[in-house]
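Here the structure is laid out as C-alpha cells; the discussion comes afterwards.
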Amino acid sequence: MRTFTKAIRDALAAETGIDASKLVIESPRDSKLGDFAFPCFVLAKTLKKAPPAIAGELEERVNARLDGIAAKATGPYLNFTVDRATLARGVIEEIDAAGDVYGESDEGADKTVVIDLSSPNIAKPMSVGHLRSTVIGAAIQRLHKRLGYRTVGINHIGDWGSQFGKLVAAVDRWGDTVDLDGDPIKSLLALYVRYHEEEANDPELVQAGRDAFKELESGEDGRVRATWRKLTELSLREFDKIYERLGVEFDLVRGEAFYEPFLDATVDRIVAANITEESEGALIVALDEFGDLPPCLLRKTDGTTLYATRDLAAVFHRWDEFKFHRCLYVVGGDQRLHFRQLKHVLTRMQLDWEPRMEHIDFGMLRLPGGKMSTREGRVVFLEDVLDRAAEEAQKIIAAKNPDLDASGEVAEQVGVGAVVFNDLKRERVKDIEFDWDEVLSFEGDTGPYVQYTHARLASIGRKAAAAGEGSGTPDWAALEDAAPILLAIGRYPDVLTAAARAAEPSQVTGFLIAFCREVNSWIAAARVLGQSEGVTGSRLRLVNASKSLIANALGILGLSAPQEM
RNA sequence: GCGCCCGUAGCUCAGCUGGAUAGAGCGUUCGCCUCCGGAGCGAAAGGUCACAGGUUCGAAUCCUGUCGGGCGUACCA
C-alpha cells in the first residue's frame with residue numbers, strides 16, 4: 001500500500017517542487033471520489049491561483065507520471081484511484097507475505113519502552129477500575145512490541161505506604177475474626193473497611209497503624225514485616241488468577257517495596273541537586289515556578305517517605321537500568337498533578353530525559369451512585385464482571401450454537417473479550433460510568449461482534465477447503481467491490497504506528513470495528529463459494545486476509561479470535 | 001477559590017496534523033434466513049458540534065471568555 005502512496009507523493013513532488021515527505025495525503029470524504037486525496041490549498045499562496053484551478057492543472061501532468069493510478073481533480077482536491085486489480089493483488093500479497101506479524105516495523109529497533117501498568121494495591125480486590133490500567137497498558141505494550149521496540153511491562157504493585165501499617169494493625173486486632181487463608185482478599189477488605197470505620201474514635205488504633213508502618217519502613221524483620229509479607233503473597237496469588245483470564249503477563253512484578261532500598265539514595269540525589277528545602281518540618285521540592293504548583297514532598301515530618309519519593313526512586317532505577325526511550329505510566333487521570341510534580345522535579349534536576357517520562361492517563365470509572373470507593377465498600381469486583389460476561393456468552397452459545405465443542409472455553413473468550421474491548425473502545429481520557437447492560441452487550445460496537453466476524457470468515461474458509469474450492473488463479477479485478485476493505489488492510493500498519501505513538505488503543509478498536517462493518521457488508525453481498533474459479537479464488541484470498549487481519553488486531557488488544565462461537 | 005480533564009443525534013461514542021455534504025453503535029420504525037453463521041445485513045427518522053467572541057481562503061478541530069460535569073489541590077496512594 002505504501003508503494004501506492006509513495007508513487008503519488010513522488011509524482012506530486014516532481015510537479016510541485018514540494019518535498020515528498022511534506023505532502024499531505026489524506027482519504028477523500030466519500031470513498032467514491034477516490035482512494036487518496038491531495039488538498040491543493042497549500043499551493044494556492046505560492047502559485048497565486050485558486051485551488052480548483054491548481055487541481056485541474058495538476059491532474060493531467062500528474063497522470064502522465066503515474067502508472068496504474070488515476071488522478072482526477074474534484075474541486076480543490078486532486079483525488080487518486082488505484083487500479084482495482086493492482087490494489088487487490090498488492091494489498092493481499094503484502095499481508096500474506098507478512099503473515100501474523102503484518103504491521104510490524106523496525107521503528108523501535110534498539111529502543112526500550114518501559115510500561116508501568118495495572119499496579120493494583122495489595123489487600124484490595126481488583127475492581128473494574130484496575131481493569132483499565134491493565135488492559136490499556138497491556139495493549140500499549142503489545143503495540144510497541146509489534147513496532148520492534150524492546151518492551152518492559154512492570155506491575156508496580158501498591159505494597160507499601162502507611163496503609164500497610166493500618167492493615168497490619170487491623171490484622172493484629174481482628175485477624176482471627178476473618179478467614180484470611182480461605183478468602184484473603186475479601187477478608188482483608190473487611191478489615192480495611194473496619195479500620196476506617198473505627199479509627200475516628202480510637203486513637204490507639206491510629207497509633208498502632210503508624211507504629212507498624214514506621215517499623216515496616218525501618219527495615220526491621222520482625223512480626224510486622226512477616227504479616228506484610230504474608231498479605232502480599234496472598235494478594236498476588238489472587239491477582240494472578242485475573243491476569244491469567246485477561247491473558248496479561250508482566251516482565252517484572254516490582255512493588256513499591258522493591259524500591260525501598262533505594263529511597264535514601266534517591267533523596268540524597270535530589271538533595272545533592274540543591275533543589276530541596278525544609279518546610280513545616282517536611283523535606284520538599286518547591287514547584288511554584290511551574291504555575292504555583294503545590295510542592296513535591298519527599299519526607300514527612302516523621303521522616304518516612306511518600307508515594308512521590310517511591311515513584312522518583314522507581315523512575316531513577318528504571319532510567320539507570322534501561323535508558324528507556326519512553327517510560328509510560330498507565331495510571332488514572334486523578335493522578336495528573338502527581339505526575340506533573342514528578343516531571344517538574346526531574347526538570348529542576350536538569351535531567352534531559354524528563355520528556356521521556358509520560359503519564360498515560362485515563363478517565364475515571366464511576367458507578368451510577370458516584371466514585372468507587374474501596375473504603376466504603378462501594379466497588380464492582382472485576383472477577384464478578386468477568387464471570388457474568390462469560391455466563392452471558394454461554395447462554396447465547398446455548399441458544400445459537402448448541403453443538404459447539406468446548407463451548408465453555410469459547411464463552412470465556414467471548415465474555416472476557418466483551419469486557420476488555422469495551423474498556424478499550426473509547427478514547428482513554430473519557431470518564432466511564434459503569435453500566436452492566438453495556439458491558440454485557442454483544443452486539444454492535446463490541447468485542448463479540450469482531451470475534452463473530454472472525455468466526456464467520458473462518459467458517460467460509462473451512463467450507464471452501466471441504467469443497468476443494470478457491471485454489472484457482474485469482475481474478476483480482478473481481479474484488480472491485482471490496483476496495484474499502486483492501487484500503488483498510490493497507491492502512492493498518494499506519495494505524496498501529498499512530499496508536500503506539502499516542503498510546504491510544506482506541507485507535508485500534510475504532511479501526512477494527514469499521515473494518516468488520518465493511519467485511520460484514522461485503523460478505524453479505526458477495527458470495528464466495530460456487531462462483532467461477534477466478535472469482536471464488538480472489539474472494540477467498542480476501543476472506544483469509546481479512547480473517548488474518550482481525551486476529552492480528554484482536555491479538556494486540558488482548559482478545560482471543562475463536563474459529564467458532 | 002485555583003489548576004487540570006471532558007462537553008458532537010434520546011443514550012454511548014468516532015471525526016486522522018485546521019479541509020469536500022459532521023459519521024457509527026445502542027434505542028425507535030420498516031425490510032432481509034429455499035442462498036458460505038441473523039452475535040449478521042439493508043433502509044428510515046434523529047444535529048444550533050454546550051454558549052459567545054476571535055484567528056483565516058476555510059473551525060467540531062486552534063485562541064480567549066462564559067456555563068455545565070469530572071478530577072485534583074502539603075505530609076493517603
Side-chain angles (χ1 to χ4, degrees), chain A residues 24 26-30 33 37 39-42 44-45 50-51 74-77 79 119 121 158 160-163 166 256 279-284 291-302 304-308 310-311 331-338 340 361 363-364 366 371 393 396-397 399-401 414 418 422 425-427 429-433 435 437-438 441-446 448-453 455-464 467 469 491 494-495 498 506-507 510 513-514 516-517 520-530 539-540 543 564-565:
Chain A
V24 180
E26 39 191 59
S27 304
R29 169 155 296 292
D30 184 343
L33 294 168
C40 296
F41 305 96
V42 286
K45 264 183 194 155
T74 306
Y77 289 85
N79 293 320
S119 311
N121 293 319
W160 206 249
S162 47
Q163 83 231 26
K166 297 176 185 179
E256 292 183 88
S279 170
E280 297 171 34
L283 184 69
I284 68 161
D292 212 21
L293 285 190
C296 179
L297 272 78
L298 299 177
R299 277 196 201 282
K300 296 190 272 192
T301 316
D302 67 1
T304 56
T305 60
L306 292 102
Y307 179 40
R310 295 187 283 274
D311 259 358
V331 179
D334 53 348
Q335 291 180 35
R336 284 183 184 114
L337 176 59
H338 169 72
R340 279 179 67 200
D361 59 345
M364 297 286 89
R366 289 173 299 112
K371 198 184 174 186
I396 296 175
I397 291 169
K400 299 186 185 246
N401 196 0
V414 173
N422 181 250
K425 78 178 178 191
R426 61 210 108 199
E427 217 184 346
V429 296
K430 295 271 192 339
D431 287 347
I432 302 180
E433 182 159 308
D435 177 6
D437 288 343
E438 190 183 322
S441 160
F442 291 4
E443 293 172 12
D445 287 351
T446 66
Y449 171 78
V450 176
Q451 291 172 317
Y452 178 75
T453 307
R456 281 190 66 183
L457 295 173
S459 172
I460 293 172
R462 282 192 301 272
K463 292 213 158 71
E469 290 188 42
R491 218 177 62 240
D494 293 335
V495 171
S506 67
Q507 293 183 9
I513 283 289
C516 287
R517 243 183 330 253
N520 277 316
S521 293
W522 180 72
I523 60 175
R527 193 178 164 79
V528 176
L529 301 178
R539 286 182 177 169
L540 189 64
V543 162
E564 294 178 74
M565 62 188 268

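Here is how names work: the chains are called A, B, and so on, in the same order as the sequence lines, proteins then strands, and each is numbered from 1.
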(message) Tell me if a side-chain donor or acceptor on A/R527 pairs with a main-chain N or O of A/I523 at a distance below 3.5 Å.
(response) no

(message) Strictly distance-based, threshold 3.5 Å: is any side-chain N or O of A/N79 a donor or acceptor partner for the main-chain N or O of A/A37?
(response) no

Less than 4.5 Å apart, any side-chain heavy atom of [X] and any of [Y]?
X      : Y      : value
A/R539 : A/I460 : no
A/P28  : A/T74  : no
A/R366 : A/I432 : no
A/V528 : A/V543 : yes
A/I396 : A/M565 : no

Base, sugar-phosphate alone, or nothing: which one does [X] contact when heavy atoms must sit under 4.0 Å apart?
X      : result
A/T301 : base
A/P28  : base
A/L293 : nothing
A/I513 : nothing
A/V543 : nothing
A/A455 : base
A/I432 : nothing
A/A418 : nothing
A/L306 : sugar-phosphate
A/E427 : sugar-phosphate
A/A37  : base
A/S459 : base
A/G161 : sugar-phosphate
A/D292 : nothing

Please state how far atom [atom1] in [X] lies from atom [atom2] in [N], giving the value in whole angstrom units.
X      : N      : atom1 : atom2 : value
A/D437 : B/rU12 : CG    : P     : 13 Å
A/D445 : B/rC13 : CG    : P     : 12 Å
A/E433 : B/rC6  : CD    : C1'   : 14 Å
A/F41  : B/rU17 : CZ    : C1'   : 15 Å

Using the [atom1] atom on both, measure [N] against [M] and round to a whole Å.
N      : M      : atom1 : answer
B/rU73 : B/rC13 : P     : 25 Å
B/rU17 : B/rA9  : C1'   : 27 Å
B/rC33 : B/rC26 : C1'   : 24 Å
B/rG23 : B/rU29 : P     : 25 Å
B/rC49 : B/rC6  : C1'   : 14 Å
B/rG27 : B/rG70 : C1'   : 26 Å
B/rA22 : B/rA44 : P     : 16 Å
B/rC57 : B/rA52 : C1'   : 24 Å

Quick one: which of [options] gets closest to the side chain of [X]?
X      : options                : answer
A/K430 : B/rA77, B/rG40, B/rC6  : B/rC6
A/I460 : B/rA24, B/rC6, B/rC36  : B/rC36
A/N520 : B/rU12, B/rC41, B/rC36 : B/rC41
A/R517 : B/rU12, B/rC41, B/rG37 : B/rC41

Pairwise N/O distances under 3.5 Å, protein to nucleotides 33-35 of chain B:
from, atom 1, to, atom 2, distance (Å)
B/rC35, O2', A/R527, NH1, 2.4

List for me each residue that meets side chain to side chain contact (heavy atoms under 4.5 Å, CB included) alongside [X], sequence neighbours excluded, and say none if there are none.
X      : answer
A/E469 : A/A467, A/L529, A/T536
A/D445 : A/K425, A/I513, A/R517
A/A458 : A/R462, A/K547, A/Q563

(request) Just need the stems in RNA chain B: three or more back-to-back Watson-Crick or G-U pairs, each with both distances under 3.5 angstrom, sorted by first number. (result) B:1-7 with B:67-73, B:10-13 with B:23-26, B:28-32 with B:40-44, B:50-54 with B:62-66

Counting only side-chain nitrogens and oxygens, does [X] get under 4.0 Å of the OP1 or OP2 atom of [N]?
X      : N      : value
A/R456 : B/rG38 : yes
A/Y449 : B/rC26 : no
A/R310 : B/rA77 : yes
A/K463 : B/rG37 : yes
A/T453 : B/rG40 : no

How would you list, by chain and number, every residue that makes a salt bridge (charged side-chain N to carboxylate O under 4.0 Å, His left out) with [X], sequence neighbours excluded?
X      : value
A/K430 : A/E427
A/R491 : none
A/R340 : none
A/D494 : A/R2

(request) Kindly compute the distance separating CG (A/N520) from CG (A/L457), expressed to the nearest 0.5 Å. (result) 7.5 Å

(request) Mind checking ring-ring contact (aromatic ring centres under 6.0 Å, His included) for A/F442 and listing every partner two or more places apart, or none if nothing turns up? (result) none

(message) Give me syn or anti for B/rC33, where syn covers glycosidic angles within 90 degrees of 0.
(response) syn

(message) Can you work out whether A/E564 or A/N121 has the more 5'-proximal nearest nucleotide on RNA chain B?
(response) A/E564

(request) Could you pick out which residue, A/G158 or A/P39, lies toward the 5' side of RNA chain B when each is mapped onto its nearest nucleotide? (result) A/P39

Tabulated below should be each protein N or O lying under 3.5 Å from an N or O of nucleotides 60-62 of chain B; please produce it.
none

(request) Confirm from the modelled atom types if A/N79 and B/rA20 form a donor-acceptor pair under 3.5 Å, side chain to base only. (result) yes

(message) Can you build the contact string for nucleotides 67-74 of chain B? Use B for base contact, S for sugar-phosphate-only contact, and - for no protein heavy atom under 4.0 Å.
(response) ---SSSSB

